[in-house]
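These notes concern the structure reproduced below.
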Amino acid sequence: MSDTLAVTDLSAGYGERRVIDDLTIEIPQGELTVIIGPNGCGKSTLLRSLARLIKPFEGSVVLGGKDIATIPSRELARRVGLLPQSSIAPEGITVIDLVTRGRHPHQGAFRRWTREDETAVREALRRTRLEDLSTRVVDELSGGQRQRVWIAMALAQQTPLLLLDEPTTYLDISHQIDVLDLCTSLQREGRTLVAVLHDLNQAARYATHVIALAEGRLIAQGKPADVVTSDLLREVFDVGARVIEDPETGGPLIVPHAPAVA
Ligand SMILES: Nc1ncnc2c1ncn2[C@@H]1O[C@H](COP(=O)(O)OP(=O)(O)O)[C@@H](O)[C@H]1O
Ligand SMILES: [Mg+2]
């Protein structure tokens with residue numbers, strides 16, 4: 001089954017308000033796509049549309065040749081996982097219980113717990129380095145630890161397609177790198193990932209495909225080196241910067257201009 005997501009002429013928003021405007025993009029299968037764009041440009045709205053949390057005003061989202069509007073909910077939940085930008089855990093729930101909820105789409109009517117469920121939860125806790133916190137109450141964790149719990153829940157869902165809305169926000173640099181390396185490993189294992197990132201240098205380094213949005217419209221898409229340019233930074237973020245060669249990877253590295261001293 002193909003996990004390519006094709007977005008065609010998509011317009012979406014809230015009430016009367018159009019946030020995504022006539023957007024046509026493809027999320028290539030097996031790649032790590034990073035969405036960049038200023039605050040409020042519609043990145044989260046796009047991810048919500050891809051996960052069918054909101055219905056398009058116009059246009060379509062097609063997963064593996066089928067309009068997601070026609071895919072049964074349980075099937076969609078087994079194929080597409082979403083880590084929302086912010087989530088509130090049920091009061092008093094433990095880490096392991098929350099991560100276990102990621103298995104619900106896989107369980108039958110009687111919610112029988114299988115060895116496969118057990119393995120998926122253990123694996124999700126291991127890959128997010130949460131084993132030692134598994135019996136702790138989620139409310140009592142730090143913001144960064146909580147973020148890793150939500151990532152673990154999305155991982156436990158074991159969907160071939162994973163949408164991550166700002167997965168590194170609230171994390172210190174070491175855990176940011178952990179999460180981004182995890183994204184790369186998942187991609188190399190054959191999953192399709194889409195992540196919203198604010199750190200453009202991380203986007204340039206980890207993405208295999210970049211989508212740049214501004215005001216709900218597509219500005220550019222393609223390989224990081226083709227998208228992350230000083231012209232694009234000026235156009236999308238109104239930032240003056242040099243883009244030089246990353247001494248570690250040879251890819252693009254953004255160096256904002258120093259402020260002019262009066
Ligand atoms: N639930 C909502 N109801 C109404 N407006 C919303 C809602 N969520 C987001 N918006 C508005 O839609 C616009 C795009 O938001 P969002 O997709 O969250 O942007 P981004 O993730 O790029 O920062 C913003 O102007 C925001 O205020
Ligand atoms: Mg957002």
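Values in this document were obtained by computation on a predicted structure and should not be read as measured data. Whatever order the structure lists them in is the order used to number ligands and atoms, beginning at 1.
D165 and S44 share a donor-acceptor pair across their side chains, judged by distance under 3.5 Å alone. For the residue pair S11/D22, the side-chain donor-acceptor check at 3.5 Å is not satisfied. Using modelled atom types and a 3.5 Å distance limit, the side chains of T114 and R103 yield no donor-acceptor pair. Donor-acceptor pairing under 3.5 Å is lacking for the side chains of Q158 and R78. Using modelled atom types and a 3.5 Å distance limit, the side chains of D97 and T94 yield a donor-acceptor pair. The closest side-chain donor-acceptor pair between T168 and Q176, if any, does not fall under 3.5 angstrom.
At a 4.0 Å cut-off, not a single heavy atom of G37 sits close enough to ligand 1 to count as contact. Distances shorter than 4.0 angstrom do not occur between any heavy atom of E166 and any atom of ligand 1.
For R129, the salt bridge (charged side-chain N to carboxylate O under 4.0 Å, His left out) partners two or more places apart in sequence, or in a different chain, are D178.
With R191 contributing its side chain and T159 its backbone, the two residues share a donor-acceptor pair below 3.5 Å.
Below 3.5 Å of separation, one finds no N or O of N39 facing any N or O of ligand 1. For ligand 1, none of its N or O atoms has an N or O atom of V19 under 3.5 Å away.
Atom OG in S134 sits 6.0 Å away from atom CZ in R122 (nearest 0.5 Å).
Inside a sphere of radius 2.8 Å centred on the Mg ion (ligand 2), the protein N/O/S atoms present are S44 OG, Q85 OE1.
Close approach of ligand 1 to R48 (heavy-atom distance below 4.0 Å) involves ligand atoms 8 (N).
In this structure, atom 18 (O) of ligand 1 lies nearest to the protein heavy atom S44 CB, 3.6 Å. Remark: minimum distance from atom 26 (C) of ligand 1 to any protein heavy atom is reached at R17 NH1, 4.1 Å. For atom 23 (O) of ligand 1, the closest non-hydrogen atom on the protein side is G40 N, 2.7 Å. Atom 17 (O) of ligand 1 has as its closest protein heavy atom T45 OG1, 2.5 Å. Annotation: atom 10 (N) of ligand 1 to nearest protein heavy atom, Y14 CE1, 3.4 Å.
A salt bridge (charged side-chain N to carboxylate O under 4.0 Å, His left out) check over residues 204-223, counting only residues at least two apart or in different chains, returns the pairs D21-R217, R205-D246.
I54 belongs to a hydrophobic cluster whose remaining members, ordered by chain and number, are Y14, V19; membership requires side-chain heavy atoms of ILVMFWY residues under 4.5 Å apart, directly or through intermediates.
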